Amino acid sequence: MELTAAEVAQKLGGTVEGDPSIRLNSLAKIEEGTPGSLTFLANPKYEDFLYTTKASAVVVNTDFTPASRIDLTLIRVSNAFEAFVALMAQFKFQERKSGIEPQSFIHPTAQVGQNVYVGAFAYIGAHAVIGDNTQIFPQTYIGDEVHIGHNCNLFAGVRIYQGCRVGSNVTIHAGTVIGADGFGFAPQELNGYAKVPQIGNVIIEDNVEIGANTTIDRATLGSTIIRRGVKLDNLIQIAHNVEVGEHTVIAAQAGVAGSAKIGKYCMIGGQVGIVGHLSIADQTKIAAQSGIGSTVKKCGQTLQGSPAFEISDYKRSYVHFRNLSEIEARLRALERKNT
Amino acid sequence: MELTAAEVAQKLGGTVEGDPSIRLNSLAKIEEGTPGSLTFLANPKYEDFLYTTKASAVVVNTDFTPASRIDLTLIRVSNAFEAFVALMAQFKFQERKSGIEPQSFIHPTAQVGQNVYVGAFAYIGAHAVIGDNTQIFPQTYIGDEVHIGHNCNLFAGVRIYQGCRVGSNVTIHAGTVIGADGFGFAPQELNGYAKVPQIGNVIIEDNVEIGANTTIDRATLGSTIIRRGVKLDNLIQIAHNVEVGEHTVIAAQAGVAGSAKIGKYCMIGGQVGIVGHLSIADQTKIAAQSGIGSTVKKCGQTLQGSPAFEISDYKRSYVHFRNLSEIEARLRALERKNT
Amino acid sequence: MELTAAEVAQKLGGTVEGDPSIRLNSLAKIEEGTPGSLTFLANPKYEDFLYTTKASAVVVNTDFTPASRIDLTLIRVSNAFEAFVALMAQFKFQERKSGIEPQSFIHPTAQVGQNVYVGAFAYIGAHAVIGDNTQIFPQTYIGDEVHIGHNCNLFAGVRIYQGCRVGSNVTIHAGTVIGADGFGFAPQELNGYAKVPQIGNVIIEDNVEIGANTTIDRATLGSTIIRRGVKLDNLIQIAHNVEVGEHTVIAAQAGVAGSAKIGKYCMIGGQVGIVGHLSIADQTKIAAQSGIGSTVKKCGQTLQGSPAFEISDYKRSYVHFRNLSEIEARLRALERKNT
């Protein structure tokens, strides 16, 4: 795709300052701009790069005033970040695919909607239902009786076990496993463990995005539920019977143990662990690597530590932890004085 | 499957109190019961749900006495939990599959037993051996010379590298990788690292269950060994030359570094890390997110922390950690008094 | 493969002490030697096993003097460890594969080099390029426009998204995902999050090895870069726009958040977490389970803790943390004296 600065400005409802005919064929971060690329400046702390970037043009906010003289072409818009993101969507890395590649397997009882892509070596089981405009990339496994909504993207090697439900506008990245058995074993009197059958399923609501190699286990009974708008990163573990509330965001390698209920609009950091059978209030923020060991009742807190408590208290305690040798030495000195 | 309460009671060797002809077509948790569903009450802390559940019948212990009046049908058995689990096994989510789907690849030198399922796009390499009644789901990879026992379930996209051994009654969930190279590199004098070849294998004994997207590396020399009865959850890392003792249970996202030897009947929490070249005594319990940095000699301890020590000591120390600001302030006050 | 001790000595440029005609058919660790096996002794702390091993011969350093009498055959070389590793490479677990298995999919516009292996159910997209002597194992996904160099090994079920670049002599183990979308979402005024398109790619330079089920996300703009010689273990998360410097080694289950820049020759322990948008100096060592929350400017430090600081300081503080109950009791005693 190649556009002039004038064409870009028109798309974005902006104005050009500089050369409107300059040709732009790629998008770049301001510190990595190359001739022919268009970049943007939204965060003032990157302004220094504006005077050194090799990009040909830059999208800036309407009210932006450069501190020094610049040579490159400016495209002024009301919100530089949003305008640039809108452009990125048009430069997206992969065009929509469609059609059924002949080396795929679609069970005769499966229902496949309009304008669906099914890649080679994908497997669609008995009585599965695939909504319109959904892309099923190669080597994906859709078990028997799975329902997938409209406009979904299931990338290569996604596995969805029997009976799970996926809403519309859902994206699932490569290698993610939905609906494997929950980890349920009952200790036996004589020796070892007996498996507790896992006969529930997983329900993923609309507008969810799930990263690569994440695992979401099916419920023992009932459903493990990922509510609408949730965003899950890579390598996350969601155990059986967990519920993740609307629009909650979870970063990579976090884990949620069985039957935990996570509220809406929470933000959960990377490598966080959440114990089972508890609930977490809406809008809770949890710092990376923290562990949550008991129910969080009050909304909107930010927590850190393992087990976690209020983040500013944690940071204060941690400062003293770093100085514990000195604190202990002070104590020893006092003891000497007091004998 | 639909049964009357009388039929369920007969299956379980129990007695009906209420309507023996009521029809039951699903199983549910007591807090999620719907008309037509059968539920159970084993843990007294859930008793309140008994008076509000919409389920049609409930399995209870013989000696259970409800605190209030209830309308739904009771099925009394000697152990409500065990009886209900036995029922669940009959409602299991997926029927056994059998037959060889034509789009699979089975090397002419591979031996496949009786009543085996091989799904489409599964790959079974040269000289591999698959025991009777084993299910190999679609897109699974069984490398050359791999041996798999009887009655195993290998779900979609499991990968087993060349020469590994899997016993009987073993279940491995989707995306798990058995036998990738251990992480062994020797620093070079000039620069970088040279690979240490990993020429051992992985041995998985009978009655093991392994979750989804877990990785178990092949040994450098000899074998990485998962002893009989072990249960591993999702996204676990087992490094080269590790041995996990009989009936040990490991929760999701835990990692065990190279050549560690873990005892029998241990319980290892989620996100635990275990350093290499150490051993852990039988029946050790390790709290979630803990790190084990040295050999654990005494059996039956419960450990927490990173590095971990006795859990009650950890909890006591952590209480003071939370109050460190206050402790330091008290110390400062004393210092002022003593100057 | 079977060799006599004399033949092994000749291969290694060493000398035999004992029976030069003894036949050796396998390699083993010294504590696991069986008759017919060859083992080695490099680390003196394993010397005790020399007097009990059932191995038939052992490779030792030229200057090694046994403390007791031994019966097995010695092969003396200048560096026992390196010599043994060289032998292991010849006993490697899997022979090179070649040829195109007919059930694979290769897009007509893809370019495949000389002596390449493409396993069944592998998918090679439009305009992809595969270099000479590369092995693409079964069920691997190579997206459109992906370039792979020479002498690479991509094991079963590796997924590489559209447009990514892989150098030469690169090994990627089963289930690893390269190029899934970075985790980028912008909060919306009304509700939920809007996806920030991820239009960059991943670049993996030469001589990199990546373990199983690891995930490396594509950049938002530009490239996520893994520099030459880097070794990544299993289940690692590398987020969008990260750069990992030459010859850095990262252990299993570590995670690196977006836009972090990691230096050369770093050694990063298992389950470490690194926050985004920071940089880490060359030759930094990070202990397992640590968290890095801010830029590390000084080269060559070893760090521990979450957040991490100098490891010997951490260890000292942790000793006092273990004794915090006692420290607090001492403080209380002093307070009593001072009232």
Side-chain angles (χ1 to χ4, degrees), chain B residues 103 105 121 123 139 141 143-144 157 159 161-163 175-177 180-181 183 185-186 191-201 213-215 217-218 220-222 235 237 239 241 253 255 257 271 273 275 289 291 293 305-307 309 313 316-317 320-321 323-324 327 330-331 334 337-338, chain C residues 27-29 32 39 81-82 85 88-95 101 103 119-121 137-139 155-157 171 173-175 207 209 211-213 228-229 231-235 246-247 249 251-253 265 269-271 288-290 306 318 321-325 327-328 331-332 334-335 338:
Chain B
Q103 284 158 284
F105 173 98
F121 318 125
Y123 186 101
Q139 302 153 340
Y141 173 80
D144 296 349
R159 323 280 173 198
Y161 280 55
Q162 189 264 358
T176 282
V177 176
D181 281 359
F183 195 61
F185 299 92
N191 67 8
Y193 293 86
K195 182 176 178 72
V196 177
Q198 305 289 312
I199 68 173
N201 73 346
N213 284 352
T214 278
T215 59
D217 283 352
R218 68 193 310 110
T220 310
L221 287 166
L235 292 166
Q237 153 73 354
N241 292 94
Q253 296 177 318
Q271 299 181 337
V275 161
Q289 294 193 322
S306 176
F309 51 102
D313 292 340
R316 247 190 308 267
S317 282
H320 296 303
F321 170 76
N323 292 326
L324 265 181
I327 288 173
R330 284 162 54 196
L331 180 61
L334 270 185
K337 276 197 185 172
N338 279 266
Chain C
L27 304 181
K29 289 190 290 183
E32 295 176 352
T39 184
F81 176 73
E82 283 183 13
V85 165
M88 284 169 71
Q90 298 181 31
F91 278 80
K92 216 170 157 319
F93 76 91
Q94 179 128 24
E95 286 175 21
E101 294 183 355
Q103 285 157 285
F121 318 126
F137 277 76
Q139 302 152 341
F155 287 99
T171 291
H173 281 282
N207 303 318
E209 180 149 347
N213 284 353
R228 67 195 169 87
K231 312 298 177 195
L232 303 181
D233 201 349
N234 301 338
L235 292 167
E246 290 174 22
H247 303 300
V249 174
Q253 297 176 318
Y265 283 100
Q271 299 180 337
Q289 294 192 322
S290 297
S306 176
Y318 201 77
F321 170 75
R322 291 181 68 144
N323 293 327
L324 264 183
S325 295
I327 288 173
E328 198 274 342
L331 180 60
R332 220 167 340 115
L334 272 184
E335 286 172 331
N338 278 265

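Below, chains carry the letters A, B, ... as their sequence lines are ordered, and counting in each starts from 1. Predicted, not measured: the structure shown is a model, and the values here were computed from it.
Contact annotation for C:Glu335: both backbone and side-chain heavy atoms come within less than 4.5 Å of a heavy atom of chain B. Using a 4.5 Å cut-off between heavy atoms, C:Tyr318 touches chain B through its side chain atoms alone. Looking at C:Ala156, both its backbone and its side chain come within 4.5 Å of chain B, counting heavy atoms on both sides. The part of B:Thr214 that comes within reach of chain C is its backbone (N, CA, C, O), which places non-hydrogen atoms under 4.5 angstrom from that chain. In this structure, chain C has no heavy atom under 4.5 Å from any part of B:Asp313. Both the backbone and the side chain of C:Leu331 come within less than 4.5 Å of a heavy atom in chain B. Proximity to chain B is absent for every atom of C:Ile327, based on heavy atoms less than 4.5 angstrom apart. At a 4.5 Å heavy-atom cutoff, the contact between B:Asp217 and chain C is made by side-chain atoms alone. Residue contact with chain B, scored on non-hydrogen atoms closer than 4.5 Å, involves the side chain of C:Glu101 exclusively. Only the side chain of B:Arg159 comes within less than 4.5 Å of a heavy atom in chain C; its backbone stays farther off.
Considering only heavy-atom pairs separated by less than 4.5 Å from chain C, the leading option among B:Asn201, B:Val196, B:Asn213 is B:Asn213. The most heavy-atom pairs under 4.5 Å with chain B, out of C:Arg332, C:Gln271, C:Gln103, come from C:Gln271. In terms of heavy-atom pairs under 4.5 Å with chain C, the best-connected choice from B:Ala180, B:Gly305, B:Gly157 is B:Ala180. Across C:Ala120, C:Gly229, C:Ala212, C:Ser325, the residue that shares the most heavy-atom pairs under 4.5 angstrom with chain B is C:Ser325. Most heavy-atom pairs under 4.5 Å with chain C, from the set B:Asn323, B:Leu324, B:Asn241, B:Thr176: that is B:Asn241.
Minimum heavy-atom separation, C:Met88 to B:Ile199: O-CG2, 3.5 Å. The two residues B:Ala239 and B:Ala257 have their closest heavy-atom pair at CB-C, 3.6 Å.
Every residue two or more places apart in sequence or in another chain that forms a side chain to side chain donor-acceptor pair (under 3.5 Å) with C:Ser306 is listed here: A:Gln289. Remark: B:Phe185 engages B:Phe183 in a ring pair (Phe, Tyr, Trp, His ring centres under 6.0 Å) (not counting sequence neighbours).
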- Go through C:Glu209 and C:Lys231 one step at a time and tell me if the salt bridge (Lys or Arg N to Asp or Glu O under 4.0 Å) criterion holds. CA-CA 5 Å; C:Glu209 180 149 347; C:Lys231 312 298 177 195; 5.5 Å; no

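Cation-pi check for C:Arg322 over B:Phe309 is met; the charged atom lies under 6.0 angstrom from the ring centroid and within 45 degrees of its normal.
By the 30° and 60° cut-offs, the orientation of the rings of C:His173 relative to C:Phe155 is parallel. Aromatic ring orientation, B:Tyr123 versus C:Phe121: perpendicular (interplanar angle above 60°, classes split at 30° and 60°).
Taking the side chain as every heavy atom from C-beta outward, B:Gln237 and B:Gln253 never approach each other to under 4.5 Å.
One distance of note links CD of B:Gln162 with OH of B:Tyr141; it measures 8.5 Å at 0.5 Å rounding.
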